[in-house]
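The structure appears right after this line, and notes come after that.
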Amino acid sequence: MQANKFRIIGLVLVAGLLAFTWLRIGLSKSTEIRQPIRFNHKKHVQGGLECSGCHQTVKDQATAGRPETSLCMTCHEASVTKNPEENLIREYAQRHEEIPWQRVIKLPDHVFFSHRRHVSTEKLDCTSCHEAIGQSSEPPSRPIKFSMDSCLACHQKMKASVDCVACHK
Amino acid sequence: MQRRNFIKLVGGTTAGLALTSCATRQTLPVKDPLSEWRAGAEQWIPSTCLQCPGGCGIQARIVDGNVIKLEGNPLHPINNGRLCQVGQAGLQVLYHPDRLRGPMIQTGKKGSGQWQRLSWTEAIKTVGGRLREMRSRNASHSMMLWDGYGSGLMSALFQRFAEVYGSPNYCSYASGDGMAPAYYAEQGLANPVGYDLENANYILSFGCDLLGQWRSPVWAQRVYGYLRQERPGPKAKLVQVEPRLSLTASRADEWIPVHPGAQGALALAIAYVLIREDLYAADYVSQHTFGFDDWTDAAGRRHMGFKSLILKEYRPDDVAGITGVPVDTIIRIAKEFAQHRPALAIGGPGATMFSNGTYTAMAIHALNALVGGIGAPGGYFSQREFPFKPFSPANRDAIAQKGCSMPRLGDDESHPLISQGRPDLSEALLTETPYPAEVLFLYYANPLFSTLQPEKLTKAFEKIPLVVSFSPFMDESAQHADIILPDHTYLERWQDVPAAPTSGAIVLGMAQPVIKPLYDTLHTGDALMLIGREIGGSVKEAFPWQDFKSLLVESVQGVFEAKRGSVFTESFEAENVRQLAKRGWWIPTHSSFDDFWNDLLKKGGWWEPQDSFDEWGKTFQTPSGKFEFYSQLLAAKLAGLTPTVGAGAPGRRIDAMKPLPAEMGGGADSDKMVLPHYEAPKSSVAKDGSTFYLNVFRPEVLVGGGAAIPPWLQEIIGPHVFMKWDSWVEINPATAQKLEINDGDWIWVESSKGRFRVRAKPYPGTMPNVINVPYGLGHTMPGEWANQRGVNPLLIMEGKSDPISGMAAPGLTPVRIYKA
Amino acid sequence: MYLKKGKAALLMAGCVGLLALLFLAAPALRSQSLREIKLGNPLEGRKVFEKKGCGHCHSVWGARGTLGPNLAKVASGKTLMQLTGLFWSHSPKMLTVMQQRGIASPSFTPEEMSGLMAYLQYLNYFDEPGSAVEGEKTFSQKGCNKCHSLGKTGGTVGPPLNKYASVMSPVTIAQAMWNHGLKMSSLMESHNVARPNIRNREMANLLAYIRSAAADMKPDRMYMAPGEPAKGKALFSAKGCIRCHSIRGSGGKVAPDLAKGPADQSVTEIASAMWNHGPQMWEKMRSMGIAVAQFSGNEMADLIAYLYSSRRADSPGDIAKGKTLFTTKGCVQCHGAAGTIGPDLSRSAALVSPMHLGAAMWNHASTMEKIVAEQGIAWPKFGGDEMRDLVQYVLSLRKSPAQGAQ
Amino acid sequence: MPKWGMVIDLDKCTGCQACVVACKTENNIPFSTPEQAEMGRTISWIEIIPIMEGEYPRPKLRYLPRPCLQCDHPPCIKVCPVYATYRNPEGLVGQVYSRCIGCRYCTAACPYTAKYFNWSAPTWAKEFEPCLNPDVSKRPKGVVEKCTFCHHRLQKAKEKVKAEGRELKDEDYVPACVQTCPAGAMYFGDLDNPNSKVTQQTKSPRAFRLLEELGTEPKVIYLTEGEWHGAYRK
């Protein structure tokens, strides 16, 4: 009985320090992200594109996937808008280069997340997690963070697994 | 009690806290996000493993353009979805940091390590220019191609290159088990044979490391598992005869330790029991063998038969002393062998790497004839050929024809079966017999590491004006090359992979790139064609293909058109193909070649299952059309005649043979010379106080043994003695105790030629008069993981060779050991 | 189709399917009688066999599944209707085993069923591999060695047989013998060799011996592609066979009806029979001024495939017997005029061919089995030609297509 | 809920170590340096343990592949002060690296020495980084790790069968070691399913568990070779 109490005290101590460390790193290391092209999600969504139109592996793989230059070129082969940013796409295509999209959401290495599971089998809407990205006209300049709390809250609500190894790899 | 727990807990916790903070920093590094980017696009691409000659099918898991994992291809008939340790470690070959980034030229003298990168155009120009110049002065014959891969279209391409360029010096050094001379002498076969292990009831292995270093370890292990627990009916027995308790011996039902080099004598003593006690297959022997009983030739001369020789000379009582195997064991094994047919006797380097290798191999193989196992279920299959479409005939100009008619480099006329052996060419290259080599190409060959005479060969290399290596790694031989034209690794290139003979089926795996080449490397086939084009003239015309891939596609058309076999399929379908083939039928499966080719790449290859046994005409290509105890082919060669049947590898010129030295059994007219018999193996000069023979073995994890040893394999190298990353010497525990050598002591192993320092490991699987040292470590090539790790035991072994096959025989080196 | 799926859903699906089929097949119904069986493609059937997982339980030539019987044996000498009857009779047992093993029971389209049955029927087309030891005996007993050399010995009158070492199918030998038959016969006469009759497995044994004893092995192996009955039928006319022989009554009346031969003969045995009757035939042909047809490539295999399959075709059923069966087997209880449980069989779209029927019956077997069990009726089994007769009877009940479609 | 278990047939095992390397490539296990190896710090989630019996000339060398035995009563979880290791509902013993404080109580408590401590940060040559498996984390210095039965494969398999709308079958989820085993000596599946191959195998008279007397109830079951009943020593 008593041993258990000590264990809990120990646990609290650890948790506290852990939280502190986490916070410290989180605050000091968040860096600005600049995308190679100032991509306008809103325009694309308004134009009638589905999220999976560009994030092509979202339904059947773990990662949603980023559009390859060739995919962008299917629409942007010729000018669609007057936006000078659009020319950048064609420049990449001409150089046979992939557009170096920068990652804005980076899960820690010990987390396993699968889009397929959430989108395909559980039929979650993209906005359940990615809220307003479809409404943004500028790419986010800071990394987007997800907290385990938000994952857990939803998992508990939806009666999904809260087993550690189901998400921690 | 509780208090102590508490302190422990707190102590543990605080220590943990310190760690956690730095650990967290580790897991959340802030790097360039792109380098961490994984689009997650995942796919599986089938290909074929080229880590050893086994030719297993693989499938590579690709995530976002990177190869993440290799697994076995479940449809592949050799490995059925399984893969061995070396195959699994293939990723560490592809991504090895020591891979060469592009063509290089040595600016200093050979071995100086002064390398400079050059472009492929320059490299091809340099090599091709030199070759063209040689042709202009009729010196084309002095080009040598050293092919360490030795099968499939790459070898065919090398042979074509030599042929149209005008050189007789194409040497195939593909790994073998030392049994080839026996298959030739007794069966007249130039190609290796397959074993029907699945149906055998008794497997008597003479130094054949079936589970470790045999042609196809995965297949052998699958069959082992099958024979142990899956096959209906009685379990098969596996008996391993060799000086060391190898992996195979440890997994066998019985290990019979035998003096190094004495396996042949044991085989003959077993034959004695079979004959004496009338346990042999008399019907088979009378129908399908030649030279068993005494006989009279056309000229009226009496000849000794195998039976007389055996009954005269190989009584188990006499042989027990030679082999160290007790008489009752010999008799028991012989009886078991005869009474559990189908029984198979198989041989391997553990028995044949001695100066008496050919006769040992012949003695072992003779047992198969005695139990009627050759061409019968549970025995030996003759291997069929792949129905590749042959290359269009090449137009050879006068230079080529003249060059090809020259004698081969190092064709030492005293070795009658040299075309079945793999002679050590150090001597010939150094002494420039019969002429100097001017250009040497090395393809998956690292002779400076594997030779018994590294000093000689290094000197010989220095004499050769241009040494070109195709190695993707800076191995010992590449270090002494002038130009390196690095090949892709097998995961980046196209290749046909004919699997080494196993169950009699012929299996053609397709290797295709699973990833774009990481570096500025080039397929050696492409490089060779470019060189050919650079030379110009009729050589250029001989390479009409755009690249190796188009050559591959063209050749595989033959497979499609042969209307045989099938693209890899599920096992039921494969059984269907086999059952139909047995009855003489074949069902077309693909409407066009394109359809066939695409399916071939998707499934991983093509195969034709074994469907019949008793094709005697094919099984015995000897003058008598039978299994020859009395080898007429060997006799013909000894007598200086050119045999008319079953000549050796293409392009081999067989000259009149001088009679063998008297030490090998007397003059050429002796019958014994062409019968399987026992010769004492030649030993090196013993240094004072030498009380041990040095036995060299290859650790299982170094199967095939590419130039780069993946660190994953280095750290599991000797599990039975808990050794990682280093060599060791196995000593009989009782002997070690006598010498006061403890586990892990550093000791010197010294022969007349030199010595090395290595850790001692008392190991009960060692004979008292033998010490075992692994081969494959002790590289001296740059790089973090292989360089100077462990020792190369070959360095202190003295070069002997088998006088019949010319094969290098490192077998019997006396050494002494003492504490360092 | 899973066993556990709702009965209602099944019936619904079945009704819709039946109506659709009936609608599509309506014009065909009028003209098609059961005698004219559209031959299934055995090669496609082989794929069906694999795809539907038959091999999980059944073995063919002793390979693969051990749960069910060896189908090569079962199918030996059976007509398509007999096979269909067998399939039907065993379905409850099969379904039970499948259920126990958690194997989903497959459903078949008529084309698949037709292919599958053709495949099963085809299994006995291929001979068992021959025995070289027996072949060697035959070779000397029949005096082949007097004229032909093999390996390094033998006569010199005929061509050496070593070149046949790469041949894998006995039919190739049979074809060569047929083509040279006339010449061979006269040579035999002049050399006083009795013309041998070749029976049973002798041809296969001879080939096994030739392969075993020959020394020349290049090219390595040459196989024959299984014949296609449709091609064989064309050849039967093109080569002039039809001028003397008939198949099921249609064709020449000079020589025997070839569909009436023993139904368990394999392809090589049929080929041997051709050889054996050679002299008789040639005599007749000479008198009629017909040249002896030569076969090349796969032609003999095609022709024999045609003969083979025609021997296994069903003859017309006996309506009276069928009517009796309909009552005695209890069909009438559910499907009869008073029956309300099963559908009216006379309206069944499956009455197009035995294969349509077979497919439909198999697909509904699981549903029917439950009903039959509930009703306490024994599962009706159809042996011999009972299935054929029953079908003929049901066919006779058939209403006009227009009525059926309603 | 399935209960995942493994059967290893020692009569078929050849000691080739294919499982060892397959595990290392699948699970991003860093290789040691010779110096670390000398100190016994090589990490090997599945290890081939040699057992030498007898003397020359009749020695018997046996090999015992030892993954984490995924005990039903794991001693390791009882001693963990931070709940970093626990038994999940499917019987797998999980190890949560971000919780682990590296106290190594569990490594000491495991009677099978299946748990490994990261004495140093994992280092790969930069060239090797692309072949790391994105489904498995890289463990930092100072945490304990062990065999997970390739748990990430289970996650993916579950996802796959759900997408295909069917039940999980034994062959959907197989750890890397079992998949590669050349001799086919390893079996994997649901011990709660009476028809699974593993359950059938556990009924064999050759079946035994390592150190059964400790009551750990491991879910890795061995089949003896011949009449041998394994005494475990290292």
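No experiment lies behind these values; they were computed from the predicted model shown. Each chain gets a letter, A, B and so on, in the order the sequences are listed, and its residues count up from 1.
Between the side chains of D:Thr42 and B:Glu715, no donor-acceptor pair is found at a separation under 3.5 Å. Of the N and O atoms on the side chains of D:Thr180 and B:Gln88, at least one donor lies less than 3.5 Å from an acceptor on the other residue.
Here the straight-line distance linking atom OG of B:Ser246 with atom CG of D:Leu61 works out to 10.0 Å at 0.5 Å rounding. Interatomic distance, D:Lys60 NZ to B:Ser250 OG, rounded to the nearest 0.5 Å: 6.5 Å. Going from atom CG of B:Leu70 over to atom SG of D:Cys131 covers 9.0 Å, rounded to the nearest 0.5 Å. One finds the CG atom of B:Leu83 at 12.5 Å from the SG atom of D:Cys19 (value rounded to the nearest 0.5 Å).
By the 4.0 Å N-to-carboxylate-O rule, B:Arg251 lies too far from D:Asp11 to be salt-bridged with it. Ion pairing of B:Arg759 with D:Glu38 is present here, as a side-chain N (NZ or NE/NH1/NH2) and a carboxylate O approach within less than 4.0 Å. Between D:Glu127 and B:Arg101 there is a salt bridge, with a side-chain nitrogen of the basic residue lying less than 4.0 Å from a carboxylate oxygen of the acidic one.
For chain D, no part of B:Trp219 is nearby; none of its heavy atoms comes within less than 4.5 Å. If you measure heavy-atom distances from D:Thr33 to chain B, the contacts under 4.5 Å come from the backbone alone. There is no contact between B:Arg99 and chain D, counting heavy-atom distances below 4.5 Å. Interface remark: D:Ala185 contributes no atoms to any contact with chain B (heavy atom separation under 4.5 Å).
The aromatic rings of D:Phe31 and B:Trp725 lie tilted to each other, with the angle between the two planes from 30° to 60°. Ring geometry, D:Phe128 versus B:Trp712: the interplanar angle falls under 30°, so the pair is classed parallel (tilted spans 30 to 60°).
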